[in-house]
Trainee: 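Next up is a structure, given as C-alpha cells.
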Amino acid sequence: MAETVLTEKDEARRRYEFKKMLGRLEEKEGSGTELISLYIPPDKQISDVTAQLRDEFGQCANIKSKQTKTNVQSALSSILSRLKNYKNPPPNGMAVFSGAVNIGGDKSTFETIIVEPPEPLGTYTYRCSSNFELEPLRQMLEEKFVYGLLVLDRREAYW
C-alpha cells in the first residue's frame, strides 16, 4: 500500500512539473516564423527525422528575411546536433522546441528544449511559427477518467 501512495505522489509531482514546463513554453514568443516545434513519436526513426531537417535547412534559402532565415537555420542546426545523441526516440517519443525567443525590447535569446512526454506521442509533427505548438502536450494533461456521485434518499436525488 505504501508503494502505491509513493507512486501516486511521484506521478502527481511529475504532472505538476510537466504543467509548469508547459506554462514556461507558452510564454515564449518569436518574431515571424522562427520557432520550431518538432514532435517525434516512439516508432519514428531518428535518421528519417534528421534527413527531413537537412532538407528543411536547404529550403531555408527561400526565406526572404535574412534574420528569419538565419534564426531558422540556427534552430535546425541546434536540433540536428542534439538528435545525434539519440539512436532511437525515448519510449514515449520526444518533443523538441528550438528558436530565437524574444526577451524584451529588441533582444532575443536562442533556446533549444527537449521534452520527454508522460504519454506516447501519436503523430510526427514539424512546425515553424511565432509560438511553440503545445496542443499535443496540453492534451496529455486532460483528465482521462471522470467520476460521478449519485446520492439518493426517499425524497430526493443529487448528482
Side-chain angles (χ1 to χ4, degrees), residues 6-46 48-60 62-147:
L6 289 176
T7 305
E8 289 173 8
K9 286 182 181 178
D10 291 343
E11 184 63 32
R13 182 171 178 80
R14 274 187 246 136
R15 191 173 173 84
Y16 172 75
E17 294 293 333
F18 185 71
K19 191 173 185 177
K20 271 180 49 177
M21 181 270 312
L22 274 180
R24 288 191 300 267
L25 284 172
E26 282 177 348
E27 295 171 358
K28 298 182 186 303
E29 290 184 1
S31 54
T33 56
E34 299 176 354
L35 300 182
I36 295 176
S37 302
L38 177 66
Y39 288 90
I40 305 171
D43 59 347
K44 184 82 169 170
Q45 296 292 322
I46 295 291
D48 294 343
V49 175
T50 56
Q52 182 195 0
L53 294 178
R54 285 189 190 106
D55 185 50
E56 289 290 332
F57 191 90
Q59 295 293 327
C60 288
N62 297 330
I63 298 174
K64 293 179 178 142
S65 166
K66 185 177 179 183
Q67 178 184 356
T68 301
K69 181 189 328 183
T70 303
N71 287 339
V72 171
Q73 287 178 333
S74 296
L76 288 169
S77 295
S78 177
I79 293 170
L80 285 167
S81 69
R82 285 188 170 71
L83 288 180
K84 286 180 184 176
N85 299 329
Y86 292 89
K87 185 175 181 177
N88 294 311
N92 288 338
M94 61 195 297
V96 184
F97 305 99
S98 185
V101 177
N102 293 336
I103 56 173
D106 219 9
K107 297 181 182 180
S108 64
T109 184
F110 194 83
E111 295 184 29
T112 300
I113 300 161
I114 296 177
V115 176
E116 292 185 23
E119 298 174 12
L121 290 169
T123 59
Y124 175 77
T125 306
Y126 169 82
R127 181 172 162 228
C128 291
S129 181
S130 60
N131 295 320
F132 291 125
E133 173 60 39
L134 301 172
E135 191 57 34
L137 297 179
R138 273 193 218 106
Q139 290 175 356
M140 292 179 186
L141 285 175
E142 292 178 3
E143 290 295 327
K144 306 292 186 270
F145 303 102
V146 179
Y147 298 95

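The figures here come from the full heavy-atom set of this structure, side chains too, leaving out hydrogens, waters and symmetry mates. None of the values given here were measured: they were computed from a predicted structure. Count residues from 1 along the sequence.
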Trainee: Restricting to pairs with a member in residues 81-90, which pass side chain to side chain donor-acceptor pair (under 3.5 Å), not counting sequence neighbours?
Mentor: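 Sorted pair list: Ser78-Arg82.
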Trainee: Can you name the residues that form a side-chain hydrogen bond (donor to acceptor under 3.5 Å, both in side chains) with Glu27, not counting sequence neighbours?
Mentor: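 With sequence neighbours excluded, Glu27 shows a side-chain hydrogen bond (donor to acceptor under 3.5 Å, both in side chains) to no residue whatsoever.
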Trainee: Would you compute the distance between atom CZ of Arg54 and atom CG of Leu76 and round it to the nearest 0.5 angstrom?
Mentor: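 Reported value, rounded in 0.5 Å steps: 11.5 Å.
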Trainee: Minimum heavy-atom separation for Pro117 and Leu137, please, with both atom names.
Mentor: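 Smallest heavy-atom distance, with atoms named: CB-CD2, 4.0 Å.
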Trainee: Enumerate the residue pairs fulfilling salt bridge (charged side-chain N to carboxylate O under 4.0 Å, His left out) with a member in residues 88-113, sequence neighbours excluded, ordered by first and then second residue.
Mentor: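 Non-adjacent pairs meeting salt bridge (charged side-chain N to carboxylate O under 4.0 Å, His left out): Lys28-Glu111.
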Trainee: For the atom pair OG (Ser98) and CD1 (Ile36), what is the distance rounded to the nearest 0.5 Å?
Mentor: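 The CD1 atom of Ile36 is 6.0 Å from OG of Ser98, to the nearest 0.5 Å.
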Trainee: Is there a donor-acceptor contact under 3.5 Å from the side chain of Tyr39 to the main chain of Glu133?
Mentor: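 Flag set: sc Tyr39 to bb Glu133 pair under 3.5 Å.
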Trainee: Can you find a pair of side-chain heavy atoms, one from Asn92 and one from Leu121, that are under 4.5 Å apart?
Mentor: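 SC-SC contact between Asn92 and Leu121 ruled out.
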Trainee: What residues form a side-chain hydrogen bond (donor to acceptor under 3.5 Å, both in side chains) with Gln45, not counting sequence neighbours?
Mentor: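 side-chain hydrogen bond (donor to acceptor under 3.5 Å, both in side chains) list for Gln45, sorted by chain: empty.
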Trainee: Going by atom types alone, do Ser129 and Arg127 pair a side-chain donor with an acceptor below 3.5 Å?
Mentor: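 Arg127 and Ser129 do have a side-chain donor-acceptor pair below 3.5 Å.
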Trainee: Can you list everything that forms a ring pair (Phe, Tyr, Trp, His ring centres under 6.0 Å) with Phe18? Sequence neighbours excluded, please.
Mentor: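 Once residues adjacent in sequence are excluded, Phe18 has no partner under the ring pair (Phe, Tyr, Trp, His ring centres under 6.0 Å) criterion.
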Trainee: Please tell me if the side chains of Val49 and Met94 come closer than 4.5 Å, counting only heavy atoms from C-beta onward.
Mentor: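 Side chain of Val49 against side chain of Met94, heavy atoms only: no contact under 4.5 Å found.
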Trainee: Please tell me if the side chains of Pro118 and Met140 come closer than 4.5 Å, counting only heavy atoms from C-beta onward.
Mentor: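 Pro118 reaches Met140 side chain to side chain.
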Trainee: Salt bridge check: are Arg14 and Glu17 linked by an N-O gap of less than 4.0 Å?
Mentor: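 Looking at Glu17 together with Arg14, the answer is no, because their closest N to O distance does not fall below 4.0 Å.
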Trainee: Mind running side-chain contact (heavy atoms from CB on, under 4.5 Å) on Ser130 and Glu29 for me, showing each step along the way?
Mentor: CA-CA 6 Å; Ser130 60; Glu29 290 184 1; over 6 Å; no
Trainee: For residues Asn71 and Glu34, report the shortest heavy-atom separation together with the two atoms involved.
Mentor: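 Heavy-atom minimum between the residues: ND2-OE1, 2.9 Å.
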Trainee: Given side-chain contact (heavy atoms from CB on, under 4.5 Å), test Leu83 with Leu53 step by step and report yes or no.
Mentor: CA-CA 11 Å; Leu83 288 180; Leu53 294 178; 3.8 Å; yes
Trainee: Could you give the distance from CG (Leu38) to CD (Glu56), rounded to the nearest 0.5 Å?
Mentor: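 Leu38 atom CG to Glu56 atom CD measures 10.0 Å (nearest 0.5 Å).
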Trainee: How close do Ile40 and Pro89 get, heavy atom to heavy atom, and via which atoms?
Mentor: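 Heavy atoms of Ile40 and Pro89 come nearest at CG2-CG, 3.9 Å.
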Trainee: Where do Leu35 and Gly30 come nearest, in terms of heavy atoms and distance?
Mentor: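 Heavy atoms of Leu35 and Gly30 come nearest at CD1-N, 3.4 Å.
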Trainee: Are the side chain of Asn102 and the backbone N or O of Ser108 linked by a donor-acceptor pair below 3.5 Å?
Mentor: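 No, Asn102 side chain to Ser108 backbone: no donor-acceptor pair under 3.5 Å.
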Trainee: If every non-hydrogen atom of Glu26 is compared with every non-hydrogen atom of Leu134, which pair is closest and at what distance?
Mentor: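 Taking Glu26 first and Leu134 second, the nearest heavy atoms are CG-CD1, 3.4 Å.
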Trainee: Under the ring pair (Phe, Tyr, Trp, His ring centres under 6.0 Å) test, which residues partner Phe132, sequence neighbours left out?
Mentor: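 Scan of Phe132 (ring pair (Phe, Tyr, Trp, His ring centres under 6.0 Å), adjacent residues dropped) gives Phe97.
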Trainee: Provide the closest heavy-atom pair for Cys128 versus Thr33 in the form atom of the first, atom of the second, distance.
Mentor: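 Closest heavy-atom pair between Cys128 and Thr33: CB-O, 3.7 Å.
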Trainee: Begin from the C-alpha positions of Gln52 and Tyr124 and carry the test side chain to side chain donor-acceptor pair (under 3.5 Å) through to its verdict.
Mentor: CA-CA 12 Å; Gln52 182 195 0; Tyr124 175 77; 2.3 Å; yes
